[in-house]
Amino acid sequence: MALNIWDSSVPVEKSSYLHNEEVVYLNTENFKLFPQKLPMLDLFCGAGGFAVGCEWAGFQSVLGIDYLEPAMKTWSYNHPNAIGCLGDIRKIKPENIKKILKAKGVNHVHLITGGVPCQGFSRANRKHNDNDERNFLFLEYMKFVKVFSPDYIILENVSGMRSTAGGQFEHSIQNYMESLGYTTSVRLLNAADYGVPQMRNRLLFVGVKKDAGLVKQYIFPKGKFLKNRRTVADAISDLPALQNNEEIHTYFTNPKNAYQKLMRGMGPIKAIKKPSELFNHCAPNHPQATINKIAQTKPGFPMYPKFKQRIRLKDQAPSPTQLAGGIRPQFQFGHPTQARGLTIRERARLQSFPDSYRFYGGIVQERVQTGNAVPPLLIYNIAVPIATDIKRKERR
């Protein structure tokens, strides 16, 4: 009898890109500590959404850990002065990481972030399972918190964590943070409220070290885009039009709005670099039937009857939640005005990764990376008051 692959009792298929061998350390010879920045650790770092957003706010990711090889390649390329740690976090001792960093001159880590794997919690996952082994990886994050005792901790996951196992995981995480000496604030946030052109709900836990001269409890900043959300057109309308399987490396027009200027390194966040060229702007290589299917679909509507989340995007609305799409994801969204799926650059724009950020691994794995990432612009808004509080403490 053939297996029903959507049966939650059937083990989840593993990606061939997971690194389950000995831990590999990257960029160790190029490590550089910037004294004006606040050192942080980026656990379950993926492509680097946390690292990017926090660095805009004044932090420096000194080390990132992930076991997806293409994601670590992307992270390490874009953070050449930080140590990339490719391996299963369950096999990595935080005490060893602390020794490595101390030898590099890192005496204190101010922040630990973690985008723990969310597939077991996600309602978009048709194999959603309360007992998925990935649901318990937050315990590995807590081991690092215990050893490093940073000023602040941030942990992020999908909104589905709230309902999984009757809210057990949310309460467990709060209890662990409190037991390690952190006053914890929890909030479900929509990235669109913070200027990201995508309706993306994320559950964030922020812990403040008790009795450390910091604020008593973190207060989430109010989003400034609740009534005027950025749209798909705001995000990608300045990028060159493409034919099927075409790739373009240069801009043909100037940015048309504040968001596009921000992504090109021309906005108010000075830490965003200007790109040397247009990266990752290559159209998928679709068969003619797929091109016809997209062309015949009205923007805002599904392209396939059985897959309602695979829509052709609507120009004048934010994008729906961008998904990773499993280990072999096809294109999720159709372009609103061109008969094709999105490029990786367009997916990155919808997530608020700047144009200077380059993705590696091929279009399939780059879809995984952009779909899994936490939006940098959301994290920037969360991290600014944290950096301000830490710097205030250090000045005293």
Side-chain angles (χ1 to χ4, degrees), residues 37-45 49-62 108-116 118 121 138-139 141-159 161-162 167 169-196 200-226 269 271 352 373-396:
K37 296 281 189 176
L38 301 169
M40 62 169 278
L41 297 185
D42 192 8
L43 309 184
F44 308 99
C45 63
F50 262 117
V52 174
C54 288
E55 286 177 3
W56 293 348
F59 291 91
Q60 178 191 353
S61 292
V62 293
H108 180 60
V109 166
H110 291 278
L111 170 67
I112 297 180
T113 61
V116 294
C118 63
F121 300 118
F138 74 88
L139 296 172
Y141 173 92
M142 298 303 172
K143 291 178 182 177
F144 278 80
V145 172
K146 185 175 182 180
V147 168
F148 281 89
S149 191
D151 299 322
Y152 273 84
I153 54 179
I154 309 176
L155 192 144
E156 171 265 348
N157 211 284
V158 294
S159 59
M161 178 185 276
R162 292 211 121 152
F169 288 99
E170 180 180 348
H171 295 308
S172 293
I173 289 171
Q174 283 187 269
N175 291 338
Y176 267 100
M177 287 183 168
E178 294 286 346
S179 71
L180 292 173
Y182 291 84
T183 302
T184 307
S185 302
V186 187
R187 183 73 64 84
L188 182 64
L189 301 177
N190 188 337
D193 295 342
Y194 296 85
V196 179
R200 191 178 185 90
N201 289 321
R202 281 299 180 267
L203 187 65
L204 279 109
F205 301 77
V206 179
V208 186
K209 188 71 175 174
K210 298 176 183 177
D211 303 320
L214 300 159
V215 296
K216 292 184 177 180
Q217 185 161 16
Y218 178 81
I219 298 175
F220 287 93
K222 186 176 181 181
K224 299 178 180 179
F225 290 83
L226 282 76
I269 303 177
S352 72
V374 61
L377 192 55
L378 169 63
I379 295 306
Y380 166 75
N381 282 275
I382 300 307
V384 164
I386 295 175
T388 300
D389 188 33
I390 294 171
K391 290 175 181 177
R392 175 193 57 79
K393 171 193 169 184
E394 291 191 328
R395 286 195 298 268
R396 289 193 318 200

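All values derive from a computational prediction rather than experimental measurement.
Annotation for K37 and E55: closest pair NZ-O, 3.2 Å, computed over non-hydrogen atoms. Between Q217 and V208 the shortest heavy-atom distance is C-CG2, 4.3 Å. Considering every non-hydrogen atom in both R200 and P375, the closest pair reads CD-CG, 3.7 Å. The minimum heavy-atom distance between Y218 and I382, with the atom names listed, is OH-O, 2.8 Å. The heavy-atom pair separating M40 from F50 by the smallest distance is CE-O, 4.5 Å.
By the 4.5 Å heavy-atom criterion applied to side chains, M142 and I173 are counted as neighbours. Put simply, the side chain of K393 does not reach to within 4.5 Å of the side chain of H110, judged on heavy atoms. Between C54 and I379 the shortest side-chain heavy-atom distance falls below 4.5 Å.
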Quiz prompt | Residues L111, L38; criterion side chain to side chain contact (heavy atoms under 4.5 Å, CB included); working and verdict | solution = CA-CA 8 Å; L111 170 67; L38 301 169; over 6 Å; no
Practice problem: Any chance you could lay out the side chain to side chain contact (heavy atoms under 4.5 Å, CB included) test for Y152 and D389, step after step, and finish with the verdict? | Solution: CA-CA 10 Å; Y152 273 84; D389 188 33; 2.6 Å; yes
Practice problem: Apply the test side chain to side chain contact (heavy atoms under 4.5 Å, CB included) to residues Y182 and K209: give CA-CA distance (whole Å), side-chain angles for both, the deciding distance (0.1 Å), then the verdict. | Solution: CA-CA 5 Å; Y182 291 84; K209 188 71 175 174; 3.6 Å; yes
Practice problem: Carefully, step by step, assess E178 and K210 under the rule side chain to side chain contact (heavy atoms under 4.5 Å, CB included). | Solution: CA-CA 9 Å; E178 294 286 346; K210 298 176 183 177; 3.1 Å; yes
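Contacts of N190 classified as side-chain contact (heavy atoms from CB on, under 4.5 Å), with partners at least two apart in sequence or in another chain: A192, D193, M199, N201, R229. Annotation: side-chain hydrogen bond (donor to acceptor under 3.5 Å, both in side chains) contacts of K143 (sequence neighbours excluded): E140. Under the ring-ring contact (aromatic ring centres under 6.0 Å, His included) criterion, Y176 pairs with F138, not counting sequence neighbours. By the side-chain hydrogen bond (donor to acceptor under 3.5 Å, both in side chains) test, S352 pairs with no residue at all, sequence neighbours left out. Evaluation of the side-chain hydrogen bond (donor to acceptor under 3.5 Å, both in side chains) rule for Q174 yields no partner, not counting sequence neighbours. In this structure, T388 has no side-chain hydrogen bond (donor to acceptor under 3.5 Å, both in side chains) partners at least two apart in sequence or on a different chain.
One finds the CZ atom of R202 at 7.5 Å from the CG atom of N157 (value rounded to the nearest 0.5 Å). The CG atom of L204 sits 6.0 Å away from atom CD of E156, with the distance rounded to the nearest 0.5 Å. Atom CG of residue L189 and atom OH of residue Y194 lie 4.5 Å apart, to the nearest 0.5 angstrom.
When each of D151, V206, I153 is checked for a side chain to side chain contact (heavy atoms under 4.5 Å, CB included) with I386, only V206 meets the rule.
The environment of CG in L226 is crowded: more than 12 heavy-atom neighbours from other residues, nucleotides or ligands sit within 6.0 Å.
Between F148 and F144, the two ring planes are parallel [angle under 30°; tilted spans 30° to 60°].
Using modelled atom types, one finds no donor on one side chain facing an acceptor on the other under 3.5 Å when comparing K216 with T183.
Here the side chain of Y141 pairs a donor or acceptor atom with the backbone of I112 at under 3.5 angstrom. The main-chain N or O of P39 is never found under 3.5 Å from a side-chain atom of S61 such that the two would form a donor-acceptor pair.
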